[in-house]
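Everything quoted here is computed from the prediction, not taken from an experiment. Starting from 1, each residue takes its place in the sequence as its number.
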Amino acid sequence: MFSPSDYTHMAHALRLAERGLYSTSPNPRVGCVLVHNNQIISSGWHEKAGCPHAEIIALRQAGQRARYATAYITLEPCSHHGRTPPCANALIEAGITRVVMAMQDPNPIVSGRGRAMLEQAGINVQADLLHDEAQALNRGFVSRMTRRRPWVRLKIAASLDGRIALNNGASQWITGNAARLDGHRWRARSCAIMTGIGTVKADNPQLTVRDLNVVRQPTKVVVDSKLDISYDARLLQEGNIVIFTANPERSEEKVMLEERGVRIFVEPNESGKVDVHKMLSRLADLEMNEILVEAGGELSGVLIEAGLVDEIIFYFSPQLLGDCAQPMLRLPELTELHNSKKLTIRDVRMIGKDFRMIAGFE
């Protein structure tokens, strides 16, 4: 169905799409390559919301050369007026004769419609070339469109015996510089970094991307059931901040936080804690695609027990901290092994002196 050159050109489009890894959200990462007589005539990638889509950039570069060309696009061309005009119309008007797309757009207002427009115009459309690679690039966007919640990654830095801090709270630094920089890359691609009030009090983190050249900082999300965050917390000093609480009181502290631009959502569950399901639905409404959780064992455990963690990024340092140190997860006691949380290991590699393991739930 697809030729070797088809695979080559789509792989090129995927590499272009990856350039938007840190900048495109809430939009998907998309790349486009225009080819005529097996020669690349132009290419483009989507940089950020409001900017031209990958197809438009490639078509503008190609000009009249786009007529009778093949377009390799990592996502189905849009068919509606959003922040920008529909790309399907632009491809038709440019005289493109064949479109190869990696995957269908999961957005219900687009899904299938872009392809239908192209086919009705007489364009030969083929789909699902390097589909899995394209979907992996946009896991968060797909999750938000199909499940109405973001893709949730939990990041854990621990000793080999699964401890994230000493009993007195000391944790800086368990892992080395290379692992911490790698962690910032995961921060940079995320729409938001989430933590709990316990981590805010213990570590006073900034929750920012550092040592990387980025055009935006992720939103900071704090889970704070009682809303007792200190007004002087470092993460409140700058940036886009969202706090989820179970405390409905209109306190002076809440007013002061809101006056500083902090968005506060009251989402209590029956136990007087934050309802984590409603929290993720709210984050989807805020157009969050990928969430990186950097929290202590309690919040991490709650999210896992609720079935809301899709992927865990473990950084293991070659040291032992002992059973008095703080565990990386707080989960209910099991009495039978078959009730354990089953994980599938997706990647293992050395990062400096530490090793990183990425695992997803079965």
Side-chain angles (χ1 to χ4, degrees), residues 1-25 27-49 51-80 82 84-107 110-142 145 189 289 347:
M1 180 180 179
F2 296 112
S3 69
S5 62
D6 287 333
Y7 280 91
T8 298
H9 297 313
M10 185 60 79
H12 183 187
L14 285 166
R15 288 193 297 272
L16 290 171
E18 195 171 3
R19 293 184 184 181
L21 195 64
Y22 300 159
S23 62
T24 62
S25 62
N27 287 358
R29 298 140 184 156
V30 182
C32 175
V33 176
L34 299 186
V35 176
H36 186 61
N37 291 333
N38 207 31
Q39 296 294 316
I40 296 175
I41 57 176
S42 66
S43 62
W45 57 281
H46 181 50
E47 182 178 354
K48 61 181 179 179
C51 289
H53 288 187
E55 300 95 313
I56 302 304
I57 294 173
L59 289 171
R60 287 175 181 173
Q61 289 180 4
Q64 292 300 314
R65 295 178 299 159
R67 187 164 297 279
Y68 307 120
T70 294
Y72 294 87
I73 312 168
T74 59
L75 185 70
E76 177 183 8
C78 61
S79 58
H80 70 294
T84 57
C87 294
N89 286 347
L91 291 164
I92 294 168
E93 293 168 2
I96 295 292
T97 56
R98 179 180 178 232
V99 170
V100 181
M101 60 188 198
M103 62 177 287
Q104 184 169 300
D105 194 323
N107 187 342
V110 175
S111 188
R113 292 177 175 83
R115 177 174 185 166
M117 287 178 61
L118 297 172
E119 291 178 333
Q120 288 168 8
I123 295 175
N124 176 21
V125 181
Q126 294 175 280
D128 295 330
L129 176 59
L130 298 181
H131 172 277
D132 292 348
E133 290 81 354
Q135 182 160 294
L137 192 60
N138 285 303
R139 289 193 192 279
F141 182 75
V142 173
M145 291 298 157
R189 68 174 290 166
N289 294 334
D347 182 80

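- A heavy-atom distance below 4.5 Å is not found between the side chains of Trp45 and Val30.
- By the 4.5 Å heavy-atom criterion applied to side chains, Ile92 and Leu118 are counted as neighbours.
- Every residue two or more places apart in sequence or in another chain that forms a salt bridge (Lys or Arg N to Asp or Glu O under 4.0 Å) with Asp347 is listed here: Arg349, Arg356.
- When side chains are defined from C-beta on, Ile56 counts as touching Cys87, because their heavy atoms get closer than 4.5 Å.
- Sorted by first and then second residue, the salt bridge (charged side-chain N to carboxylate O under 4.0 Å, His left out) pairs involving residues 54-64 (not counting sequence neighbours) form an empty list.
- Qualifying salt bridge (Lys or Arg N to Asp or Glu O under 4.0 Å) partners for Glu119, counting only residues two or more places apart in sequence or in other chains: Arg115.
- Checking side-chain atoms of Arg189 against main-chain N and O of Tyr22 turns up no donor-acceptor pair under 3.5 Å.
- Residue pairs that meet the salt bridge (charged side-chain N to carboxylate O under 4.0 Å, His left out) test with at least one member in residues 1-19, sequence neighbours left out, are Asp6-Arg98.
- Atom OH of Tyr68 is surrounded by 12 or fewer heavy atoms from other residues, nucleotides or ligands within 6.0 Å.
- Side-chain contact between Val100 and Ile73 is absent, with no heavy atoms from C-beta onward closer than 4.5 Å.
- Residues meeting the side-chain hydrogen bond (donor to acceptor under 3.5 Å, both in side chains) test with Ser25, sequence neighbours left out: Arg216.
- A donor-acceptor contact shorter than 3.5 Å links the side chain of Thr74 to the backbone of Gly31.
- Counting heavy atoms from C-beta outward, Val33 and Leu16 have side chains that approach closer than 4.5 Å.
- For Asp105, the side chain to side chain contact (heavy atoms under 4.5 Å, CB included) partners two or more places apart in sequence, or in a different chain, are Leu75, Glu76, Asn107, Val110, Phe141.
- With contacts defined as side-chain heavy-atom distances shorter than 4.5 Å, the pair Val99/Thr70 does not qualify.
- Partners of Ser5 under the side chain to side chain contact (heavy atoms under 4.5 Å, CB included) rule, at least two apart in sequence or in another chain, are Ser3, His9, Asn38.
- Under the 4.5 Å side-chain criterion, counting only non-hydrogen atoms from C-beta, His12 is in contact with Ile40.
- For the side chain to side chain contact (heavy atoms under 4.5 Å, CB included) test, no residue two or more places apart in sequence or in another chain qualifies with Asn37.
- By the side-chain hydrogen bond (donor to acceptor under 3.5 Å, both in side chains) test, Ser111 is found to be paired with Gln104, residues two or more places apart in sequence or in another chain being considered.
- Looking at residues two or more places apart in sequence or on another chain, you find no side-chain hydrogen bond (donor to acceptor under 3.5 Å, both in side chains) involving Glu47.
- With sequence neighbours excluded, the residues forming a side chain to side chain contact (heavy atoms under 4.5 Å, CB included) with Ile41 are Leu34, His36, Ala62, Arg65, Ala69, listed by chain and number.
- For the pair Tyr7 and Leu129, the minimum side-chain heavy-atom distance is below 4.5 Å.
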